[in-house]
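Structure, as structure tokens:
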There are 2 protein chains.
Amino acid sequence: MAGKLNLDKLDYQIIQHMMEDAEISYADLGKKLFVSGGTIHVRIKKLQEMGIVKGTRLAVDTHKLGYTVIAFIGIYLEKSSLYDSVAKDLMKIPEVVRLNYTTGNYSMFVEIACKDINQLRFVLHDQMQKIKGIERTETLISLEESLNRNIQVATTEG
Amino acid sequence: MAGKLNLDKLDYQIIQHMMEDAEISYADLGKKLFVSGGTIHVRIKKLQEMGIVKGTRLAVDTHKLGYTVIAFIGIYLEKSSLYDSVAKDLMKIPEVVRLNYTTGNYSMFVEIACKDINQLRFVLHDQMQKIKGIERTETLISLEESLNRNIQVATTEG
DNA sequence: ATTGAAAGAGTCTCAGT
DNA sequence: ACTGAGACTCTTTCAAT
């Protein structure tokens, strides 16, 4: 399956640090990890070539941007073979930010981000209910996000 | 509540572009959006001061790093007043990457990232079951992530 | 593989508009 | 507010180890 990685402690430390803050300079990160800036550069280049590092992204406070209503929707399909078709329709809804095919209670699990409850209602009733193949849905509205963090790789050793 | 934002189309275009790729230079992004690099710089600085932009993060392929098992856990609490205490215990588990307090079927909703099914079982049976206040849990294992994207702000107009 | 220094590219500041 | 140019900082390359 997945090829062997052969990453060492330094690689994992670089990944961990820059997942949390990619603005630090190679020189400064090198100082923290007791190597030169040039070594940080070489390692990041290697991680990019391996496809592990995929670039950098601006971190944005979505709540401050007005997306105050986060909801998770569990979806029951009429037939599980309808997954691809339903997924395609769901992706057309801009408020849908995440979509997983799951085992367990639901066949699909979706996350949506809306600006208010009216927009949530619109997405649920006017957009999702029209999609062919959805039997019914269950909505969980997030009242509070207590944690949203990266995976913890720094202690991994190969 | 939330103060008025007063962002214009250019602000939203900058946010949208850099949420997807923060490596582009201000000069190049300015060319795309028909302003100078200096203007991009001023806008980003403003967005940082407003707390909307919170920095940049390294984007990593967690699947390639070995975290192949993503699961969502719905949690039923014995009493909903136990939320804070249970949340505190859940945060101690490194595999827990996200934690929401929710309305609907479950009281809490958790996402975990594991390297294999055995680690998932360990987290579920040995770590989560020992937490006081959890009545029972339901697990959804993600068989496929079809979509994981940012919110779409580019068409917003203030 | 790592280092340190030079070359190249990007950010940041500011005077002018 | 936006621009463009200069000062400054960071990334990237490379010869030496």
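A note on names: the letters A, B, ... follow the listed sequences, proteins ahead of strands, and every chain is numbered from 1.
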Send over the distance from [X] [atom1] to [N] [atom2], rounded to a whole Å.
X      : N       : atom1 : atom2 : result
D11(B) : dC2(D)  : CG    : P     : 9 Å
I44(A) : dA1(C)  : CD1   : P     : 18 Å
I40(B) : dT3(D)  : CD1   : C1'   : 13 Å
Y26(A) : dT11(C) : OH    : P     : 13 Å
I24(A) : dT9(D)  : CD1   : C1'   : 15 Å
L33(A) : dT3(C)  : CG    : P     : 11 Å
F34(B) : dT3(D)  : CZ    : C1'   : 17 Å
L29(B) : dG10(C) : CG    : P     : 13 Å

Which nucleotide sits closest to the side chain of [X]: [options]?
X      : options                 : value
T39(B) : dT3(D), dT11(D), dG4(C) : dT3(D)
V35(B) : dT3(D), dT3(C), dT11(C) : dT3(D)
S36(B) : dT13(D), dT2(C), dT3(D) : dT3(D)
S25(B) : dT11(C), dG4(C), dG4(D) : dT11(C)

Checklist entry - Which is true for V42(B) with a 4.0 Å heavy-atom rule: it touches a base, it touches only sugar-phosphate, or it touches nothing? => result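 No contact.
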Checklist entry - Angle class for the Y106(B)/Y76(B) ring planes (parallel below 30°, perpendicular above 60°, tilted otherwise)? => result perpendicular
Checklist entry - Is the backbone of V153(B) close enough, under 3.5 Å, to the side chain of Q16(B) for a donor and an acceptor to pair up by distance? => result yes
Next on the checklist: OP1 or OP2 of dT13(D) versus the side-chain N and O atoms of K45(A): is any pair under 4.0 Å?
Outcome noted: yes
Checklist entry - Can a side chain N or O of R43(A) be found less than 4.0 Å away from OP1 or OP2 on dA1(C)? => result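 Indeed not, no polar side-chain atom of R43(A) lies that close.
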Item to check | NZ/NE/NH1/NH2 to OD/OE distance under 4.0 Å, E145(B) and R98(A) | outcome: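 Between R98(A) and E145(B) there is a salt bridge, with a charged N closer than 4.0 Å to a carboxylate O.
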Checklist entry - Is it the case that one hydrophobic cluster holds both I141(B) and M108(A), taking links as side-chain heavy atoms less than 4.5 Å apart, direct or via other members? => result no
Item to check | H41(A) or D28(A), whichever maps to the more 5' nucleotide of DNA chain D | outcome: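 Upstream on the strand: D28(A).
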Item to check | Neighbour count >12 (heavy atoms, 6.0 Å) for atom NZ, K88(A) | outcome: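 Atom NZ in K88(A) is not packed in, count stays at 12 or less.
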